[in-house]
Amino acid sequence: MELRQLTYFVAVAEELHFGRAAGRLHIVQSAVSQQIQRLERELGAELFDRSPRRVRLTAAGERLLPEARAVLTAAERARAAVAPPAGLRIGTSTGLGAHLDRVLAAFAAREPDVPVELFSLPARERLAGVAAGRLDAAFVRAAEPPPGVRVLPLWPDPLVAALPATHPLATRPEVALADLAGLPLALTPRRDNPALVDLLLGACRAAGFEPRPGPVGGSLQDTLATIGSRPLWTVVFASHARVLHTPRVAYVPFGAPGLALPTQLAVPAAGPTPHLEQLLLACDDHES
């Protein structure tokens, strides 16, 4: 008796039609018929009553069906027990900086045999990837989740001001937003990061000024290169600033209460993916 024969038997028993069973198994009908006949010869019993109009299980077939299902389930469990662990697919962004390194180290300590694939994508694509099942989880900030996705709070991520290293404010231990009113602000378009843009513009207005518009768009590296050569400012996540190597740019914290956006983990709303619990514990580990 072969697992293949039991698989074919269960398919025919559930479809009660050899043609439909063959279509479900993606093989030709004659192969299904041959294997069922071989199984019947080995067992010494007919499993189906066949007629031109219908196929029915015999009494022997009805007794075999639950046993065949149990054998196939046990075989699948045996395969899963020795199969390589499924990997973890995580959506990321460059702004995570040192946070990501520490989370991955903590996860590797908990799950050393689980491979991790990282996908650096825009926030919208990260959320869409989780919703579609292409990603198991994604790091996001202050995100509005689409249908099928929920977000779990992780930690607040402070922002710092990026200034020309030669500017007088660059030597201060901290800077007030009002001190930057005279400098143009280089900021990403709102459509690319609405939470960040709304937070910063709202804070500037609360400080009593509308920021002077500077260059819009381009990569962060392009913006920092521009700041290094002319009087501009922008904001960078503190965790990212610590790993940036830009000698012509200074990163200065904001004075209290500061500026920060919450970092979250986007996950499928329907239920946890494999290794999600260990990933969340790794996120807690990195903050402790």
Problem set entry | Donor-acceptor contact below 3.5 Å, side chain Glu117 vs main chain Gly87 | no
Exercise. Taking C-beta and beyond as the side chain, do Glu42 and Glu2 meet within less than 4.5 Å on heavy atoms?
Worked result: no
Problem set entry | N/O donor-acceptor pair under 3.5 Å between Arg141 side chain and Ala123 backbone | no
Problem set entry | Point-to-point distance, once rounded to the nearest 0.5 Å, from CZ of Arg248 to CD1 of Ile227 | 11.0 Å
Problem set entry | Val175 side chain reached by Phe254 side chain, heavy atoms, under 4.5 Å | yes
Exercise. Does the Thr234 side chain pair with the main chain of Ala162, one donor and one acceptor, at a distance under 3.5 Å?
Worked result: no
Exercise. Should Leu100 and Phe107 be counted in the same cluster of Ile, Leu, Val, Met, Phe, Trp and Tyr side chains packed under 4.5 Å apart?
Worked result: yes
Problem set entry | Leu261-Val243 co-clustered via ILVMFWY side chain contacts under 4.5 Å | no
Problem set entry | Leu177 CG to Phe209 CZ distance, which is reported to the nearest 0.5 Å | 5.5 Å
For this session: Decide side-chain contact (heavy atoms from CB on, under 4.5 Å) for Val236 and Val249; before the verdict, give the C-alpha distance in whole Å, the side-chain angles of both, and the deciding distance to 0.1 Å.
Result: CA-CA 11 Å; Val236 177; Val249 177; over 6 Å; no
For this session: Enter the distance from Asp157:CG to Leu259:CG here, rounded to the nearest 0.5 Å.
Result: 12.0 Å
Exercise. Between OG of Ser120 and CD of Glu125, what distance do you get to the nearest 0.5 Å?
Worked result: 10.0 Å
Exercise. Are Arg230 and Pro215 close enough that some pair of their side-chain heavy atoms sits under 4.5 Å apart?
Worked result: yes
For this session: Group every Ile, Leu, Val, Met, Phe, Trp and Tyr by side-chain heavy-atom contacts under 4.5 Å, then state whether Val103 and Leu154 land in the same group.
Result: yes
Exercise. Sub-3.5 Å donor-acceptor pair from the side chain of Arg190 to the main-chain atoms of Asp198, do we have one?
Worked result: no
Problem set entry | side-chain contact (heavy atoms from CB on, under 4.5 Å) between Arg126 and Val140, intermediate numbers included | CA-CA 8 Å; Arg126 273 175 271 153; Val140 293; 4.1 Å; yes
For this session: Please examine the side chains of Phe139 and Leu265, heavy atoms only from C-beta on, and report whether any two atoms are closer than 4.5 Å.
Result: yes
Problem set entry | Other ILVMFWY residues reachable from Leu43 by side-chain steps of under 4.5 Å | Met1, Leu3, Leu6, Tyr8, Phe9, Val10, Val12, Phe18, Leu25, Ile27, Val32, Ile36, Leu39, Leu47, Phe48, Val55, Leu57, Leu64, Leu65, Val71, Leu72
Exercise. So which heavy atom on His275 is nearest to which on Leu88, and how close?
Worked result: CB-CD1, 4.2 Å
Exercise. Of the non-hydrogen atoms in Val267 and Ala137, which two are nearest, and what is the gap between them?
Worked result: CG1-CB, 4.2 Å
Problem set entry | Considering all heavy atoms, the nearest Pro231-Pro164 contact | CA-CG, 4.0 Å
Exercise. Roughly how far, to the nearest 0.5 Å, is CD of Gln221 from CG of Leu244?
Worked result: 6.0 Å
Exercise. Is any side-chain N of the basic residue among Glu277 and Arg110 closer than 4.0 Å to the acidic one's carboxylate O?
Worked result: no
For this session: Quick one: which residue pairs count as a side-chain hydrogen bond (donor to acceptor under 3.5 Å, both in side chains) with a foot in residues 47-59, not counting sequence neighbours?
Result: Glu40-Arg50
Exercise. To the nearest 0.5 Å, how far apart are CD in Gln35 and CZ in Arg38?
Worked result: 5.0 Å
For this session: With the side chain counted from C-beta on, respond yes when Val235 and Leu199 share a heavy-atom pair under 4.5 Å apart, and no when they do not.
Result: no
Exercise. Quick one: does Trp233's side chain get under 4.5 Å of Asp179's, heavy atoms only?
Worked result: no
Problem set entry | Exercise: identify the closest heavy-atom pair between Val252 and Leu169 | CG2-O, 4.0 Å
Seminar exercise, completed: What one should report as the nearest heavy-atom pair of Gln29 and Gly19 is OE1-CA, 3.4 Å
For this session: Please check if Leu201 and Leu180 belong to a single hydrophobic cluster, counting links between Ile, Leu, Val, Met, Phe, Trp and Tyr side chain heavy atoms closer than 4.5 Å.
Result: yes
Problem set entry | Sequence neighbours excluded, every pair satisfying side-chain hydrogen bond (donor to acceptor under 3.5 Å, both in side chains) that has a member inside residues 201-213 | Arg205-Glu210
Problem set entry | Check: Asp136 side chain, Arg89 main-chain N or O, donor-acceptor pair, under 3.5 Å | yes
Problem set entry | Where Pro211 and Leu185 come nearest, the two heavy atoms and their spacing | CB-CD2, 3.8 Å
Exercise. Quick one: do Leu163 and Leu232 end up in the same hydrophobic cluster if we chain Ile, Leu, Val, Met, Phe, Trp and Tyr together by side-chain heavy atoms under 4.5 Å apart?
Worked result: no
For this session: Show your reasoning for whether side-chain contact (heavy atoms from CB on, under 4.5 Å) applies to Val114 and Gln278.
Result: CA-CA 11 Å; Val114 176; Gln278 294 302 316; over 6 Å; no
For this session: Go through the steps for Leu159 and Phe237 under the test side-chain contact (heavy atoms from CB on, under 4.5 Å), then give the verdict.
Result: CA-CA 4 Å; Leu159 292 157; Phe237 288 103; 3.6 Å; yes
